[in-house]
There are 2 protein chains.
Amino acid sequence: MSPMPTEDRIWLAALALFARQGFAGTSTREIADASGLTAGSLYHYMGSKDDLLEQVMLGGMTGLLEAAAAVVAATEQPPQRLVSLVQLHVAVHARHRLEAKVVDREIEQLPPATRKRIGAMRDEYEGVWRGVVSAGIDAGDFGVADARLATLALLGMCTEVATWFRPKGPLTPEALGLEFAQMTLSLLRAGRSGVPLTVADLEVPAVGPFIAAYERRGGYGMVGAKAASRRGA
Amino acid sequence: MSPMPTEDRIWLAALALFARQGFAGTSTREIADASGLTAGSLYHYMGSKDDLLEQVMLGGMTGLLEAAAAVVAATEQPPQRLVSLVQLHVAVHARHRLEAKVVDREIEQLPPATRKRIGAMRDEYEGVWRGVVSAGIDAGDFGVADARLATLALLGMCTEVATWFRPKGPLTPEALGLEFAQMTLSLLRAGRSGVPLTVADLEVPAVGPFIAAYERRGGYGMVGAKAASRRGA
DNA sequence: GTCTATAAGCCGATAGAC
DNA sequence: GTCTATCGGCTTATAGAC
């Protein structure tokens, strides 16, 4: 087995520590220890502790936005779109739960400029969901009245997956996404003329490619951005 | 207007700072500044920064557990029970969103002994919900198959309220709780022989007394526990 | 590419004056 | 009850040897 590159060891160590203890609760020495380095050596790979967080957040949000765009491009009707968005969000929050937890909880730790940028991306992502829910209500696909409230409820239930999912649990990320998609349709009272709509009734594209779209840019593996980070600084 | 007691100013300042920046991201000097004191004076009121967090978490979880017990005592059928649990949880997470956010996110920051204690309380609370969902499935009130999954989904959607609720928004905490209760029944596919059950069909006790049960012990106002904290130390 | 050594500053907490 | 002053330790980050 080939030894893991130092960059990746740092990335994974930081992700695990930030997810468990929070960004502010993690010292550079802890990251160094967990990576098998000393504190000073860390700065050969990263610009600063802040830069490291910025890259985690930017990578995660970029991946999520691009994957959501892929979902919208591959589907047309609100029910299919929403089912795919939920499957994607849940599977990503299960497969990459450490990264997702950091992205979801550490926005306030970013320096103001970056915080605004990430906040805007978060708003855009939420807007995609709300747009689909709204369109579904207008088209008579969903029986709920308040699109904003339903969207917030759905995002909440899907996002919290990152806090409780365990890889050794009974369900794979993809199977979990399917279960949550069904609960989503129930919550929205999806259906027409009193006949409930279930996931089984729908032709839904496979989630795999959407998860792949997330991992293409959103996953780890681009830690070698120290140069880019220094250029930006 | 009577000036706010120093204890309460410290409590509210710490709550606001812990909620926004996290426990680890907040210094005792910041708490002191926001309370109109110097760092040293803080220790006339608290044993340590850890003690302060412990009191927030213990107070919040105790309040939630006692209020949930009041719900269980005041209702009998699973649908009513769950509707009341959701109304309570949502209204408390809206009315006391700073405290709720801290309780929900800062468990890992506690020293191990306290962490275990709070973790056990959290498990107990989740167990109450799961028990009601399970009982409802067994009784034929709910159409979902997996009680564990449904419970996690519901707790997730209700807990996230603390992150997005704004007091100046369109809904009061109580009205929001009612909307979430309805979405809960939909998600669970509540009803019998194909006829959906709505909140309007149920006789549900008023939430007010349950919220009051939370606030009796769970709210702020018992900061004067420095003595108690010192006794314990 | 990794180390040691260290700078400069903030941290939680205490002592003691008033 | 609040202050000032301060301790020892830990923080992020850099410099320079190897």
Side-chain angles (χ1 to χ4, degrees), chain A residues 2-14 17-18 20-56 106 108-112 114 223-227 229-233, chain B residues 2-14 17-18 20-56 102 106 108-112 114 223-233:
Chain A
S2 65
M4 195 178 295
T6 310
E7 293 181 328
D8 294 0
R9 289 199 328 263
I10 294 172
W11 184 262
L12 292 177
L17 287 164
F18 291 170
R20 187 174 314 121
Q21 312 174 346
F23 174 77
T26 301
S27 71
T28 52
R29 274 168 171 84
E30 285 177 295
I31 300 173
D33 285 351
S35 314
L37 295 170
T38 56
S41 306
L42 231 48
Y43 290 84
H44 183 74
Y45 295 93
M46 69 181 196
S48 72
K49 197 190 159 197
D50 277 351
D51 285 348
L52 194 52
L53 177 63
E54 181 179 327
Q55 281 182 27
V56 173
E106 306 292 338
E108 294 289 334
Q109 306 293 333
L110 290 166
T114 321
V223 205
K226 182 208 171 189
S229 157
R230 287 249 166 114
R231 253 179 271 126
Chain B
S2 66
M4 195 179 294
T6 309
E7 292 182 329
D8 293 1
R9 289 198 331 262
I10 295 171
W11 184 263
L12 291 176
L17 288 164
F18 290 171
R20 188 175 312 121
Q21 312 174 346
F23 174 77
T26 300
S27 70
T28 52
R29 279 168 174 85
E30 285 178 295
I31 300 173
D33 285 351
S35 315
L37 294 171
T38 56
S41 306
L42 231 47
Y43 291 84
H44 182 73
Y45 295 93
M46 69 181 197
S48 70
K49 198 189 158 198
D50 276 351
D51 285 347
L52 195 51
L53 178 63
E54 181 179 327
Q55 282 183 26
V56 173
V102 174
E106 306 292 337
E108 293 290 334
Q109 305 295 332
L110 290 166
T114 322
V223 206
K226 183 206 170 190
S229 156
R230 286 248 166 113
R231 251 178 272 128

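The sequence lines fix the lettering, A, B, ..., with proteins before strands; numbering per chain opens at 1.
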Of the non-hydrogen atoms in Met4(A) and Leu12(A), which two are nearest, and what is the gap between them?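 Taking Met4(A) first and Leu12(A) second, the nearest heavy atoms are SD-CD1, 3.6 Å.
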So which heavy atom on Ala24(A) is nearest to which on Gln109(A), and how close?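 Smallest interatomic distance, heavy atoms only, reads CB-OE1, 3.8 Å.
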Can you check the [X] [atom1] to [N] [atom2] distance for me, whole Å?
X	N	atom1	atom2	answer
Leu53(A)	dT12(D)	CG	P	13 Å
Gln109(A)	dT11(D)	CD	C1'	15 Å
Ile31(B)	dG12(C)	CD1	P	8 Å
Lys49(B)	dG12(C)	NZ	P	5 Å
Ile10(A)	dT12(D)	CD1	C1'	15 Å
Phe23(B)	dG12(C)	CZ	P	8 Å
Tyr43(B)	dC11(C)	OH	C1'	9 Å
Met46(A)	dA13(D)	CE	C1'	9 Å

Do any side-chain atoms of residues 25-32 of chain A form donor-acceptor pairs under 3.5 angstrom with protein atoms, and if so which ones, sequence neighbours left out?
{"unit_1": "Thr26(A)", "atom_1": "OG1", "unit_2": "Leu17(A)", "atom_2": "O", "d": "3.3"}
{"unit_1": "Thr26(A)", "atom_1": "OG1", "unit_2": "Gln21(A)", "atom_2": "OE1", "d": "3.4"}
{"unit_1": "Thr26(A)", "atom_1": "OG1", "unit_2": "Gly22(A)", "atom_2": "O", "d": "2.8"}
{"unit_1": "Ser27(A)", "atom_1": "OG", "unit_2": "Glu30(A)", "atom_2": "N", "d": "3.2"}
{"unit_1": "Glu30(A)", "atom_1": "OE1", "unit_2": "Ser27(A)", "atom_2": "N", "d": "2.9"}

Nucleotide by nucleotide, 5' to 3', does protein get under 4.0 Å of the base (B), only the sugar-phosphate (S), or neither (-) in nucleotides 2-8 of chain D, counting heavy atoms? BBB-B--
What distance do Tyr45(A) atom OH and Leu52(A) atom CG have between them, rounded to the nearest 0.5 Å?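 That separation rounds to 13.5 Å.
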Measure the CD-CG distance between Gln55(B) and Leu53(B) for me, rounded to the nearest 0.5 Å.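 Taking CD in Gln55(B) and CG in Leu53(B), the distance rounds to 10.0 Å.
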Counterpart residues, side-chain contact (heavy atoms from CB on, under 4.5 Å), relative to Pro111(A) (two or more places apart):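 With sequence neighbours excluded, Pro111(A) shows a side-chain contact (heavy atoms from CB on, under 4.5 Å) to Asp50(A), Thr114(A), given in chain and number order.
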Determine the contact category for Thr26(B): base if any of its heavy atoms lies under 4.0 Å from a base atom, sugar-phosphate if only primed atoms, P, OP1 or OP2 are that close, otherwise nothing.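 Contact class for Thr26(B): sugar-phosphate only.
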